[in-house]
Amino acid sequence: MNSKIQIVVLLAFSTTLFLSACADEGLEKSGKVSEKVIIEEVLLAPVATKPENILFSYADTLEKATPAVVSVYTEKYETPYANRMPNGIPEIFRQFGFPVPDFYEDPNSNAREPDEKELRPYGAGSGVIVSDKGYIVTNHHVVHDQRGKPVDKIRIRLQDKREFEAELIGSDQKTDVAVLKIESASAIHPISVANSDQIRVGDVVFAIGNPLEVGITATQGIVSAMGRHSLGILGQGAYENFIQTDASINLGNSGGALIDAYGRLIGINTAIYSRTGGSIGIGFAIPVNIVLDVMKKLVEVGAVPRGLLGLTSQNISTDMAEAFGLESTDGALVTEVLKDSPAERAGIAHGDIIVQIGDSKILSFQDLRLKVSQMSPGTEVIVYLYREGVRMEISVILGNIEDSLAGTSDNGLLEGVRLRTLDSATREQLSAPKEISGVLVSDVDSNSPFARSILPNMILMEVNREAVSTPEEVWERLDQDKANRLYIWYRGSISYLVIKF
């Protein structure tokens, strides 16, 4: 900077200081302004009003939606000493997902009989009122214990502190949705509902629930992703199609509301990814369209019947799209058609590429599976597919998925254990090596006598030294008069399992 410019800048700065000092001196002499008065004026200044049509606060949104969110408290009959160990040791089991062992005994409770039980607090979660008739949706895992059995008592606390005992109307483990109902509840506030198919990544959302039992709490975020699946959160055979959000979700938020910026329900919060148990900004919610579909079936028929095509499929890679002459990777490539299935009877063949079923576009094999599961057995639908580059329409009458999962032997062996043939899609989902073949354990009832030994996602490769590839072969090779050796693959490890009848 040259000397003339420096002189001008200094003169301007000096003049400013001089005028400012004169003004301050004049004001102080007049007694009109003091430091105390300035601070008071700042503290008492009114909050700036928001300009028309510009949203600076979501208070109105939350005031509309929050009264519909409730706290859910569960209780179970347990032995009197189950929760009375020093330092809360049994509670540690529960926090890490283990049932409290029955052998824990309180040394001060010797007067009680070992088989005597009392109703004790078990867990806490959240729920959402969706009907003025008292229907509440929450998660299946909120109202069931670690073994999958329903809790003995459910208590609902509204925002105004009123409490009601709730009835479990029905529950669906495959989507983690449960429906409760409270009676004689006047002045309840059902939430308004949006179409979850229309939400987009970047939409502003709020998660409302009762995290860590601190009380109904709202956190803000955005929709981070849509259609998250194959995460294994709900277990093998489940139907995952989550909304991902970075709105903070913590323990106790399960079953609570995920709402949009207008206060409308778009999902039910159900799970988080976390290494510590706290929120790291990766939370998942079940889309409300799925929740309402499951709720309708549970209320009307007490179960969730699901349609069945009877085929396995896989996603389409870029190379596959080129090889099959497709313009995109949308759709599901049929890899196997099960014998005597609705798909086989209708004429669907392996190599077909399904791009639409009914009015629903199919983007992936997970999408196809989900869409079919939401249709009722016996429904006649049109399947749109490509075969050798030619678009075709095939009419299919859907079967019932429960028929394919019946999995019980004629002599009643392996009671409560359901088996099915291992397909390529499941192999990929489980990350099982190609050399591993056998029969998949698709599900095990919680009250099955084998629930502690045979687990979902196990692959039975041999039964008594003989290879098996179908459920029928498993039943044939089991012997109820001796100890049976099962050669299994489970979570990356191969081992033997012995079972007796």
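Being a predicted model, the structure only gives us computed values, none of them experimental. Positions are given from 1, in the same order as the sequence printed here.
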**Student:** Verify the neighbour count for atom CD of E327: are there more than 12 heavy atoms of other residues, nucleotides or ligands below 6.0 Å?
**Tutor:** no
**Student:** Below 4.0 angstrom, N of the basic side chain to O of the carboxylate: do D60 and K64 qualify?
**Tutor:** no
**Student:** Do V143 and P150 come within less than 4.5 Å of each other through their side chains, counting heavy atoms only?
**Tutor:** no
**Student:** Kindly compute the distance separating CZ (R491) from CG (L430), expressed to the nearest 0.5 Å.
**Tutor:**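 Taking CZ in R491 and CG in L430, the distance rounds to 10.0 Å.
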**Student:** With sequence neighbours left out, write down each residue that passes salt bridge (Lys or Arg N to Asp or Glu O under 4.0 Å) with E466, or none if nothing qualifies.
**Tutor:** R477
**Student:** What's the verdict on side chain to side chain contact (heavy atoms under 4.5 Å, CB included) for F324 and L333, showing C-alpha distance, side-chain angles and the deciding distance?
**Tutor:** CA-CA 10 Å; F324 281 88; L333 173 61; 3.9 Å; yes
**Student:** Is the side chain of S171 donor-acceptor paired with the backbone N or O of H140 at a distance under 3.5 Å, no angle test?
**Tutor:**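 No, because the side chain of S171 does not come within donor-acceptor range (under 3.5 Å) of the backbone of H140.
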**Student:** Within the side chain of K339, is there an N or O that forms a donor-acceptor pair under 3.5 Å with the backbone of E344?
**Tutor:**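 Side chain of K339 to backbone of E344, a donor-acceptor pair under 3.5 Å: no, none is there.
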**Student:** Is there a donor-acceptor pair closer than 3.5 Å between any side-chain N or O of N484 and the backbone N or O of K482?
**Tutor:**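 Confirmed, N484 side chain pairs with K482 backbone.
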**Student:** Let me confirm one number: the NE2-CZ distance from H229 to F284, rounded to the nearest 0.5 Å.
**Tutor:** 12.0 Å
**Student:** Tell me, do I282 and Q244 make a side-chain contact under 4.5 Å, heavy atoms counted?
**Tutor:** yes
**Student:** Would you check if I459 and V439 make a side-chain contact, meaning some heavy-atom pair closer than 4.5 Å?
**Tutor:** no
**Student:** Roughly how far, to the nearest 0.5 Å, is the OG atom of S376 from the CZ atom of R306?
**Tutor:**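 R306 CZ to S376 OG: 11.0 Å, rounded to 0.5 Å.
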**Student:** Would a 4.5 Å heavy-atom cut-off, applied to side chains only, mark L298 and V304 as touching?
**Tutor:** yes
**Student:** Please tell me if the side chains of H350 and T335 come closer than 4.5 Å, counting only heavy atoms from C-beta onward.
**Tutor:**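 SC-SC contact between H350 and T335 ruled out.
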**Student:** Are Y58 and F206 near enough that their ring centres are under 6.0 Å apart?
**Tutor:** yes
**Student:** Hey, is D260 close enough to R264 for a salt bridge, meaning N to O under 4.0 Å?
**Tutor:** yes
**Student:** Is the shortest heavy-atom distance from the side chain of V128 to the side chain of I208 under 4.5 Å?
**Tutor:**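 They are not in contact (no side-chain heavy atoms under 4.5 Å apart), so the answer is no.
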**Student:** For S196 and N289, what are the C-alpha separation, side-chain angles and deciding distance, and is it a side-chain hydrogen bond (donor to acceptor under 3.5 Å, both in side chains)?
**Tutor:** CA-CA 6 Å; S196 56; N289 288 10; 3.2 Å; yes
**Student:** Tell me which one of V299, T138, L168 satisfies side chain to side chain contact (heavy atoms under 4.5 Å, CB included) with V179.
**Tutor:** V299
**Student:** Walk me through it: do I216 and N210 pass the test side chain to side chain contact (heavy atoms under 4.5 Å, CB included)?
**Tutor:** CA-CA 5 Å; I216 297 299; N210 181 21; 4.3 Å; yes
**Student:** Let me see the working for L309 and L398 under side chain to side chain contact (heavy atoms under 4.5 Å, CB included), right down to the final yes or no.
**Tutor:** CA-CA 6 Å; L309 268 178; L398 299 178; 3.9 Å; yes
**Student:** Going through the checks in order, is the side chain to side chain contact (heavy atoms under 4.5 Å, CB included) test met by I290 and D176?
**Tutor:** CA-CA 11 Å; I290 294 178; D176 201 20; over 6 Å; no
**Student:** Verify, without hydrogens or angle tests, whether Q356 (side chain) and G358 (backbone) share a donor-acceptor contact under 3.5 angstrom.
**Tutor:**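 The answer is yes, because a donor-acceptor pair under 3.5 Å joins these two groups.
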**Student:** What's the separation between atom CG in N253 and atom CG in N269, rounded to the nearest 0.5 Å?
**Tutor:**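 So the CG of N253 and the CG of N269 are separated by 6.0 Å.
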**Student:** Is a side-chain donor or acceptor of R345 paired with a backbone partner of D340 at a separation under 3.5 angstrom?
**Tutor:**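 Yes: the side chain of R345 pairs with the backbone of D340.
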**Student:** Kindly indicate whether the side chain of Q314, heavy atoms from C-beta on, has any atom under 4.5 Å from the side chain of M320.
**Tutor:**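 Q314 vs M320: side chains touch.
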**Student:** Considering only heavy atoms from C-beta outward, does the side chain of W489 approach that of P433 to under 4.5 Å?
**Tutor:**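 Counting from C-beta outward, W489 and P433 do come under 4.5 Å.
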**Student:** Using a 3.5 Å distance criterion without hydrogens, assess whether the side chain of N139 forms a donor-acceptor pair with backbone atoms of G255.
**Tutor:**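 Checking the backbone N and O of G255 against the side chain of N139, a donor-acceptor pair under 3.5 Å is found.
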**Student:** Please test Q366 against N315 for side-chain hydrogen bond (donor to acceptor under 3.5 Å, both in side chains), starting from the C-alpha separation and ending with a verdict.
**Tutor:** CA-CA 8 Å; Q366 296 93 347; N315 289 331; 3.3 Å; yes
**Student:** Can you tell me how far apart CD1 (I199) and CD1 (I243) are? Round to the nearest 0.5 Å.
**Tutor:**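 So the CD1 of I199 and the CD1 of I243 are separated by 3.5 Å.
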**Student:** For the side chain to side chain contact (heavy atoms under 4.5 Å, CB included) test, which of L258, V223, T219, I222 pairs with T245?
**Tutor:** L258
**Student:** Nearest 0.5 Å, what's the CD1-CD1 distance between I156 and I182?
**Tutor:** 6.5 Å
**Student:** Does D330 come within less than 4.0 Å of K361, counting only side-chain N to carboxylate O?
**Tutor:**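 Looking at D330 and K361, the cut-off is not met.
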